[in-house]
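Heads up: the structure comes next, in structure tokens.
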Protein chains: 2
Amino acid sequence: MDRHQTEKDDEASGQGRPTLKTLAFMTGLGVTTVSRALKDAPEIGAETRRRVQLVAKQIGYRPNRAGVRLRTGKTNVISLVLNTEHEIMSFVSDIIYGVSEVIADTPYHLIVTPYSRSQDPLDPIRYLVETGSADGVIISRTQPNDPRARYLLERGIPFATHGRTDMGLIHPYHDFDNYAFATEAVRHLAGIGRRRLALLAPPVELTYHRHALNGFTDALSEVGASEIPFNTVSIDHSIEQIRMRTAQVMRRDVRPDGFVSSAAAATLAIVAGIEDAGLKLGRDVDVVSKQSSDLLHLFRRELLVVNENFRLAGAELARSVLGWIGGAAPGSLQSLSVPTEVLAYRRLD
Amino acid sequence: MDRHQTEKDDEASGQGRPTLKTLAFMTGLGVTTVSRALKDAPEIGAETRRRVQLVAKQIGYRPNRAGVRLRTGKTNVISLVLNTEHEIMSFVSDIIYGVSEVIADTPYHLIVTPYSRSQDPLDPIRYLVETGSADGVIISRTQPNDPRARYLLERGIPFATHGRTDMGLIHPYHDFDNYAFATEAVRHLAGIGRRRLALLAPPVELTYHRHALNGFTDALSEVGASEIPFNTVSIDHSIEQIRMRTAQVMRRDVRPDGFVSSAAAATLAIVAGIEDAGLKLGRDVDVVSKQSSDLLHLFRRELLVVNENFRLAGAELARSVLGWIGGAAPGSLQSLSVPTEVLAYRRLD
DNA sequence: CCTATATACTGAAACGTTACAGATTGTCAC
DNA sequence: GTGACAATCTGTAACGTTTCAGTATATAGG
């Protein structure tokens, strides 16, 4: 008698992308059994389990994301929420690569969810939550009282923040220790004889503004140096604005002989401003700056730098979110990155 | 008599995320009708159509992506495929922002699919196609004979390349006119009296290596200048390698008095190498460089720059992919970005 | 008045997955 | 020999959507 199969089985043997039905047909088992066998359920015989997994590997079975997502609600997506205007500099790519590195051998995909200056930063988060588009979220530009973190915490969506909040709520974060950066920077400047220091801080609304500022002022009083106010600009301002303000302040009678800069791009502007005022870096004034890639020493060898590793930050953030999704306690997924010491240029000769 | 509803209708009125069933219940129509009404199908009465759409807007209905994807195979996803090692510089973020800008008011999401140096560049593409993870793909680091483009073309997956191919196959692309860049650069250098020029080219395997090289050599013979070979390094090499090689070549008897550099980061290295050799930019040698953000003039004001807009590139690439998905002819979705003229620093005073 | 046809709407099935509630064995205690 | 129970497997339904093949009503043609 000819082999008679039901029409359904016929289709399962077809040459499209393999599904559970395909596997069920090939192994002679039911789809349920196959599904359970693939996830090592205990009620499946050891022999069967291995057989199914072998066949699955052989034919390159990959679960259909839409099927899983529809049935379970699990998206296998991590969303990185970015501000389109501010996060201009290269570090965005580094964060992305850091995240990618970590999720590379997981089933997760990375989706980038941007928002523009005009929008409420909460908008993209609301969208993600309401449409259930992601299992986990990474946010940056963290504020002390961050509505996004509060919102996500309320809905129970796993997330991690780049930077800390200060609301008495516990959630995963990764942060660079900007307090330590600022203190180290001031100490170093004091150590080479600088007494009148200015700080180019992060914008006031972000948490690490306070961190940098506190580190700066604490260290000032520790070393007995004085502050030249420089708070009409922040690292969010344009290159031109920072440059102009720097030139202005450098033309005053009582001018800074040292700068602490919280961002590499801003440092270029500070140096330009210094030189606009006819002064010379390393002679009239020194600048300690954070940098995320090793370029500032090429720019002016007199610059003093501290490295911040954004790729590491991305990796840590991804690990935190995955950890939380995996059931770890949010409080155990916090990390702080210690700055390198202040690095001066080494002459090649 | 009390209102009696079926159990199904009861559920549909529930407070979860609204679905077609919810809308069907609220309007008293069938799910099919609602589905069709939302997409302006002709066989739905105008009155009904408006009513459904009104209610849908009121309660904030958004189609479930997993449902659509499972049923239709449409993912509403564009994938940007990036190399984790090379695409270090900031321009990655610009491309991402450009893409985001364009897909912002479409149902599309952007997923970033990275691959590392060790992998076959075809791997991530194969993954995307085999798992049906994206409706469209954007690839960069395009080669004259690009297996990825060929593969995608064979499978009929819409894509766009950043950079052109040279295989006689038609597909959407966006490219910066590197031939024009190189010729302009050479002409400018010749115009200020430079006669012995060196080119820091893109890596040989990429299509725009040839573009830059052809522009360079064509313009050389046009202006009657000569080439100093500098092809042991490319812009893919490390800062240190480029710097060393530059210093070496600048210490020779017959050394370049002009450089054309195809990337901003590499230009920093070239300048450092020049200065390592004890020579001075603007006096002993001039450098024309591409840049994607306005920073090189801050670095050394003597630098001559040409701007390349990566945000625009991202936007164009996204538009191309969406256009192809939307049924436009691939051949009509190609664009070339014309370089600005060579810009010298303007003194502020 | 009956049939054809257009208009407006509808239920069932399917996409691939997992959870639930069985079903079929075989083993063992008594 | 019977009942209990564990071990192993299976069918059905559901997630939300769209497509297919209708059904019901009204309009027009003869």
Side-chain angles (χ1 to χ4, degrees), chain A residues 6-14 16-52 56 59-76 107 130-133, chain B residues 6-14 16-52 56 59-76 107 130-133:
Chain A
T6 72
E7 298 158 60
K8 294 210 167 191
D9 287 348
D10 264 335
E11 305 193 69
S13 65
R17 181 170 160 210
T19 71
L20 289 182
K21 204 152 79 176
T22 321
L23 285 176
F25 174 69
M26 295 181 74
T27 55
L29 297 164
V31 285
T32 304
T33 311
V34 173
S35 172
R36 318 233 49 202
L38 287 176
K39 33 179 65 65
D40 283 320
E43 65 266 41
I44 304 298
E47 154 81 15
T48 308
R49 195 156 39 194
R50 264 176 315 166
R51 197 158 60 89
V52 170
I59 66 174
Y61 167 77
R62 291 166 188 275
N64 179 304
R65 310 189 120 236
V68 175
R69 179 163 171 181
L70 183 57
R71 177 64 235 244
T72 64
K74 182 131 215 288
T75 62
N76 284 307
E130 282 169 10
T131 62
S133 304
Chain B
T6 72
E7 298 157 60
K8 294 209 168 192
D9 287 348
D10 265 335
E11 306 194 69
S13 67
R17 180 170 161 208
T19 71
L20 288 182
K21 204 154 78 178
T22 321
L23 285 176
F25 174 70
M26 295 180 74
T27 56
L29 298 164
V31 287
T32 304
T33 311
V34 172
S35 172
R36 318 231 49 197
L38 287 177
K39 33 180 63 68
D40 284 319
E43 64 267 44
I44 303 297
E47 155 80 15
T48 309
R49 192 156 41 197
R50 264 176 316 161
R51 197 158 62 88
V52 170
I59 66 173
Y61 168 76
R62 290 164 187 278
N64 179 304
R65 310 188 120 236
V68 175
R69 180 163 170 181
L70 182 56
R71 177 63 233 244
T72 65
K74 181 132 215 287
T75 62
N76 284 306
E130 283 169 9
T131 62
S133 305

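Basis for what follows: all heavy atoms, side chains included, without hydrogens, waters or symmetry-related copies. To find a chain, count down the sequence lines: A is the first, B the second, and so on, and within it residues start at 1.
Rounded to whole Å, the distance from CD on Glu43(B) to C1' on dA21(D) is 13 Å. If you take CG of Leu70(A) and P of dA13(C), they are 18 Å apart, rounded to a whole angstrom. At whole-Å resolution of the value, CG in Leu29(B) and P in dG11(C) are 10 Å apart. Nucleotide dT17(D) holds its C1' atom 12 Å from the CG atom of Asn76(B), rounded to whole Å.
For the pair Arg65(B) (side chain) and Thr131(A) (backbone), a donor-acceptor distance under 3.5 Å is absent. Between the side chain of Arg49(B) and the backbone N or O of Ala41(B), at least one donor-acceptor pair lies under 3.5 Å.
For the segment residues 44-52 of chain A, the set of residues with a heavy atom within less than 4.0 Å of an atom of DNA chain C is empty.
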Short N/O separations, protein against nucleotides 17-19 of chain C, under 3.5 angstrom:
residue : atom : partner  : partner atom : Å
dT17(C) : OP1  : Tyr61(A) : OH           : 2.4
dT17(C) : OP1  : Asn64(A) : N            : 3.0
dT17(C) : OP2  : Leu20(A) : N            : 2.7
dT18(C) : OP1  : Lys39(A) : NZ           : 2.7
dT18(C) : OP2  : Ser35(A) : OG           : 2.8
dT18(C) : OP2  : Lys39(A) : NZ           : 3.4
dT18(C) : O2   : Arg71(A) : NH1          : 2.1
dA19(C) : O4'  : Arg71(A) : NH2          : 3.3
dA19(C) : N6   : Thr32(A) : OG1          : 3.2

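In this structure the side chain of Leu23(B) reaches within 4.5 angstrom of the side chain of Leu38(B), judged on heavy atoms. Contact annotation: the side chain of Arg69(B) never approaches that of Asn64(A) to less than 4.5 Å [non-hydrogen atoms, C-beta and beyond].
The shortest heavy-atom contact between Leu70(A) and Ala66(B) is N-CB, 3.7 Å. In terms of heavy atoms, Leu20(A) sits closest to Ser35(A) at CD1-CB, 3.8 Å.
Around the CZ atom of Arg36(A), the shell of radius 6.0 Å holds no more than 12 heavy atoms that belong to other residues, nucleotides or ligands.
Taken from CD in Glu43(A) to OG1 in Thr33(A), the straight-line distance is 9.5 Å, to the nearest 0.5 Å.
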